[in-house]
Amino acid sequence: MTTNPNNAPVPTDSPLRPEAEVLAEARRRSRRSFIGLGLAGLAGLGTWKWLISQPDDQGIPHPLRKVLDANGRLSQAYLKETRLAPEFARSRAKEPRVNGRVGLEEALDPAAWRLLVQGYGSGKTQEFTLADIQALPKVEMTTELKCIEGWSIVVHWAGARLSDFLAKYPLATRSGQPADPLNPPADLAPYVGMVTPNEKYYVGLDIASALHPQTLLCYEMNGQPLTAAHGAPLRLVTPLKYGIKHLKRIGTIAFADARPKDYWAELGYDWDSGH
Ligand SMILES: Nc1nc2c(c(=O)[nH]1)N[C@H]1C(S)=C(S)[C@@H](COP(=O)(O)O)O[C@H]1N2
Ligand SMILES: [Mo]
């Protein structure tokens, strides 16, 4: 591919790795994390001994193959994600480069901005102001922003947990029950999609990733309100996933039964894009 919508122009200090190579690595990484998740879940059910006694299928114990095939469904079944992205001393935080401006083409008036959330049950759209998000418990974390291009940077973020938002405003369930990540109701939406106000950049997340304690609706970066280029007034930060999922300038959040469309997945990257 010769075009690079993620980051044009390509900075000379950071050679862009060929996409095929990045893609292959992303696939290897995601396969590894599926295995980890599958083992954790099955061991929890006490089936580990049974599992390893089963005949191999291409070098992988037979039931594990099924786990790999069912990875998406499996991750939804285990909302208790025990893995956390590493956190760092705040003094290590740096200003990230601006990377990716798709969906940020027009100027935006922060006072006029509203977060639109389409309820899973009702299908109706509810509006929120930035003050509504800032009224939720403020969570700060210093985590690594990793880009699929091969660079990463430590950033201090502040915002509200998406899980706190969805506990207070129960828009992710058909019944209107709060979305509790530790005891999720059966009618919880399996997927979340987010798009910029102009709908040019969009990401999809499985609900387990959306309710993960480090998945934040962020309004501050390194102690300052987000700048327009970094996604003001509100962006997604989800440090177990690559930067491509960290949608800047959230316009609408909606819930879905199938994987929502995802900008970089359409260009061939791994839909989950975890690391
Ligand atoms: N709206 C929008 N959000 C986006 C992108 C984009 O092109 N448009 N690029 C993503 C990518 S690839 C990365 S690495 C991060 C970079 O965030 P930063 O610009 O704050 O460093 O934003 C992500 N969010
Ligand atoms: Mo990126």
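As a basis for the values below, the full set of heavy atoms in this structure was taken, side chains included, without hydrogen atoms, waters or symmetry mates.
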Steps toward side-chain contact (heavy atoms from CB on, under 4.5 Å) verdict (L217, V237): CA-CA 7 Å; L217 299 170; V237 172; over 6 Å; no
Give me the atom names and distance for the closest heavy-atom approach of [X] to [Y].
X	Y	value
P260	A256	CG-CB, 4.2 Å
L226	C218	CD1-O, 3.4 Å
A189	F255	CB-CB, 3.5 Å
N198	T196	OD1-OG1, 2.8 Å
H230	R97	CE1-O, 3.4 Å
L108	P233	CD2-CD, 3.5 Å

side-chain contact (heavy atoms from CB on, under 4.5 Å) assessment of E87 paired with T142: CA-CA 5 Å; E87 301 210 15; T142 306; 5.5 Å; no
Side-chain heavy-atom pair [X], [Y] within 4.5 angstrom cut-off:
X	Y	result
K241	D272	yes
V195	Y263	no
L115	I133	yes
K248	V98	yes
M221	H156	no
T238	H212	no
R249	R235	no

Whether D180 and K168 form a salt bridge (side-chain N of Lys/Arg under 4.0 Å from carboxylate O of Asp/Glu) is what I want to check.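 Salt bridge: no.
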Is D206 salt-bridged to R259, going by a charged N under 4.0 Å from an acidic O? no
Evaluate side-chain hydrogen bond (donor to acceptor under 3.5 Å, both in side chains) for E266 paired with Y202, printing each intermediate quantity in order. CA-CA 10 Å; E266 285 172 5; Y202 35 85; 2.7 Å; yes
Do Y269 and V102 land in one hydrophobic cluster if side-chain heavy atoms of ILVMFWY residues count as linked below 4.5 Å? yes
Under 6.0 Å from the CD atom of E140, do we count more than 12 heavy atoms belonging to anything else shown?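 Enclosed: over 12 neighbouring heavy atoms sit under 6.0 Å from CD of E140.
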What ring-ring contact (aromatic ring centres under 6.0 Å, His included) pairs are there with at least one residue in residues 119-144, not counting sequence neighbours? F128-F165, F128-Y169
Residues in ring-ring contact (aromatic ring centres under 6.0 Å, His included) with W271, at least two apart?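 Once residues adjacent in sequence are excluded, the partners of W271 under the ring-ring contact (aromatic ring centres under 6.0 Å, His included) criterion are Y191.
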